[in-house]
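Beneath this line is the structure, given in C-alpha cells, with notes to follow.
The analysis underlying the following values was restricted to heavy atoms, covering all of them including side chains, and did not include hydrogens, waters or symmetry mates.
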Amino acid sequence: MIPLVIESWIWYAVTWLVVILRFLSRWMVLGSVKKYQIDDYLMIIAMACDAVLIACINVSSRTGTNLIDPDQPITLTPDEISSRRFGSKLTLIAETLQCTITWLVKCCLLLLYNRLTTNLRYNCVVKAVASYVIVGFVIMMILYLAVWCRPFSEYWAVPTHNEQCATATNHLITNAVLNMSSDIMIILLPMPLFLWSNTTTRIKVALCCIYAVGIFTLICAFLNKYYSFTDPFGPNWTFWYIRESSTSLIVANLPLTWPLFRHIMHINTSSDRDACLQPRYREPQHFGNHPLQSYHVYWRQQ
C-alpha cells in the first residue's frame, strides 16, 4: 500500500521536525542538554516507538493478518498462512506500541503541568488525572494481553478461533473510553491557570489555543476507533493509527516550542503588559501558594 507508506513516513518526518524544534527550545531555556528533564527523554522513547509502529503497520499491510471477514471466507496456501501469521504478530506489536506512544505523550504533558502547578493546591488535580492515566493504562494492557484473547497465541493464529483475537473489539472499546476521557481531562487541565492569570487577553487566547490543539488528537482518536468499529476488515483504520499517534506527538511538543518561536519572531515580552512572560529564573521553593504567582513565575522561565 504505497499511499500508506508515503503518508506514514511524511507524518514521521513532520513529527521529528516539531520534536527537534522542541529540543532546541528546551536548550535555549535550560542552557544545557544536561538539564533536560524526564519528559524530554520520554519523548525520545516515544519517537523510537513511533518508528517501529510505522514499520510494523506498513509491513503488516503487505503481508496480511488474521483479520479476515467471516462473510467472505478465503482459501489460503501454507505460504499465505505463514505470511499472515507474521503480519498478525506485527499487528500485536503495533497495537502495543500505539498504546505506549499515546500514554507516553499523556505522561509528558502531565509532567509539564506538574511543573506548572508546583506548590499549588491545583497540583492535586494534576496528580489525580495522572493517577487515572496510569491506572487506566495498566488495566487496559492487562485486559489486552491477558484477558480478551486466550490462549495468547490466538492473536496470530490463522484463522483464529476467537474473533476478539482478530478484531480486538473489547480492547478497542476499553481503549476508546480510557484514551478519550483522559484526553479531555488533559486538554482542560491547564485552562484555569491561563484564565486566572494577569496576562493580557491576547496572551491568554494564544496560550489557550496552543494547548487546545489537543482537540485534534481527540478527533483522530475518535476517527481511528470509528473506522476500527465500522470497517474492521478494511484498510482505513491503519491510516488513522498513524495519524493519531503522529498528531498526539506533534500536539505534545508544540507548546514547548514557544520560546524558540518567540526568539525567532522577536516577540517582545519585556513590556509591562506582557511582563508575566519575561524570562527570569526562581527556585521552585520560592513559587508560593497563590495560583497567579506560581503561574507567572513558571512562564517567566519560558
Side-chain angles (χ1 to χ4, degrees), residues 1 3-5 7-8 11-12 49-50 52-74 84-106 133 136-137 139-150 152 154-184 214-249 251:
M1 296 180 65
L4 177 62
V5 174
E7 180 176 337
S8 60
W11 271 113
Y12 191 64
C49 290
D50 196 41
V52 180
L53 166 66
I54 292 175
C56 288
I57 288 289
N58 279 290
V59 174
S60 64
S61 68
R62 294 197 304 269
T63 62
T65 66
N66 60 2
L67 195 61
I68 302 170
D69 191 344
D71 295 329
Q72 298 178 1
I74 57 176
R84 284 178 175 269
R85 186 177 294 120
F86 178 67
S88 299
K89 292 178 180 179
L90 291 180
T91 300
L92 175 64
I93 295 172
E95 176 61 30
T96 303
L97 288 174
Q98 209 271 348
C99 293
T100 301
I101 293 166
T102 302
W103 263 259
L104 279 175
V105 166
K106 297 178 195 292
V133 168
F137 178 75
I139 292 174
M140 178 183 66
M141 296 311 296
I142 289 175
L143 291 173
Y144 180 53
L145 299 176
V147 177
W148 298 134
C149 178
R150 305 305 301 166
F152 189 72
E154 281 293 305
Y155 269 124
W156 56 83
V158 181
T160 179
H161 301 292
N162 182 355
E163 189 173 315
Q164 282 296 327
C165 300
T167 60
T169 303
N170 290 343
H171 166 69
L172 293 177
I173 293 173
T174 306
N175 179 286
V177 172
L178 294 173
N179 184 23
M180 288 191 278
S181 61
S182 57
D183 274 350
I184 293 172
I215 294 173
F216 290 106
T217 303
L218 194 60
I219 293 173
C220 286
F222 172 80
L223 290 174
N224 181 5
K225 298 304 178 290
Y226 171 80
Y227 285 109
S228 295
F229 291 141
T230 59
D231 188 21
F233 304 103
N236 287 324
W237 65 269
T238 56
F239 287 87
W240 284 104
Y241 256 57
I242 302 299
R243 292 165 185 167
E244 180 184 354
S245 61
S246 299
T247 305
S248 64
L249 286 164
V251 165

How long is the gap from [atom1] on [X] to [atom2] on [Y], to the nearest 0.5 Å?
X      : Y      : atom1 : atom2 : result
Leu90  : Leu53  : CG    : CG    : 11.0 Å
Thr238 : Ile54  : OG1   : CD1   : 12.0 Å
Cys99  : Met141 : SG    : CE    : 5.0 Å
Leu4   : Ile57  : CG    : CD1   : 7.5 Å
Cys49  : Ile93  : SG    : CD1   : 11.5 Å
His171 : Leu145 : NE2   : CG    : 8.5 Å

If every non-hydrogen atom of [X] is compared with every non-hydrogen atom of [Y], which pair is closest and at what distance?
X      : Y      : result
Gln98  : Ser245 : NE2-N, 4.2 Å
Val251 : Thr217 : CG2-OG1, 3.5 Å
Trp148 : Asn162 : O-ND2, 3.8 Å
Asp231 : Trp237 : O-CD1, 4.2 Å
Glu154 : Arg150 : CG-O, 4.4 Å
Ser248 : Val105 : O-CG1, 3.5 Å

Please confirm whether the backbone N or O of [Y] pairs with a side-chain atom of [X], one donor and one acceptor, at under 3.5 Å?
X     : Y      : result
Asp50 : Ser246 : no
Ser60 : Thr91  : no
Asn66 : Ala166 : no

Not counting sequence neighbours, which residues clear salt bridge (Lys or Arg N to Asp or Glu O under 4.0 Å) with Arg85? List them please. none
Once salt bridge (Lys or Arg N to Asp or Glu O under 4.0 Å) is applied, do any residues pair with Glu95, and if so which ones, sequence neighbours excluded? none
Evaluate the side chain to side chain contact (heavy atoms under 4.5 Å, CB included) criterion for residues Thr174 and Tyr144: first the C-alpha distance (whole Å), next the side-chain angles of each, then the deciding distance (0.1 Å), finally the verdict. CA-CA 9 Å; Thr174 306; Tyr144 180 53; over 6 Å; no
Evaluate side chain to side chain contact (heavy atoms under 4.5 Å, CB included) for Tyr12 paired with Ile242, printing each intermediate quantity in order. CA-CA 9 Å; Tyr12 191 64; Ile242 302 299; over 6 Å; no
[X] side chain near [Y] side chain, heavy-atom distance below 4.5 Å:
X      : Y      : value
Asp183 : Lys106 : yes
Phe137 : Thr102 : no
Val133 : Trp103 : yes
Trp240 : Cys220 : yes
Leu249 : Ile101 : yes

Which side-chain N or O atoms in residues 222-229 pair as donor and acceptor under 3.5 Å with protein atoms at least two apart or in another chain?
residue : atom : partner : partner atom : Å
Asn224  : ND2  : Glu244  : OE1          : 2.6
Lys225  : NZ   : Asn175  : OD1          : 3.1
Ser228  : OG   : Asn224  : O            : 2.8

Indicate whether the side chain of Asn58 and that of Ser8 have a donor and an acceptor atom separated by less than 3.5 Å. yes
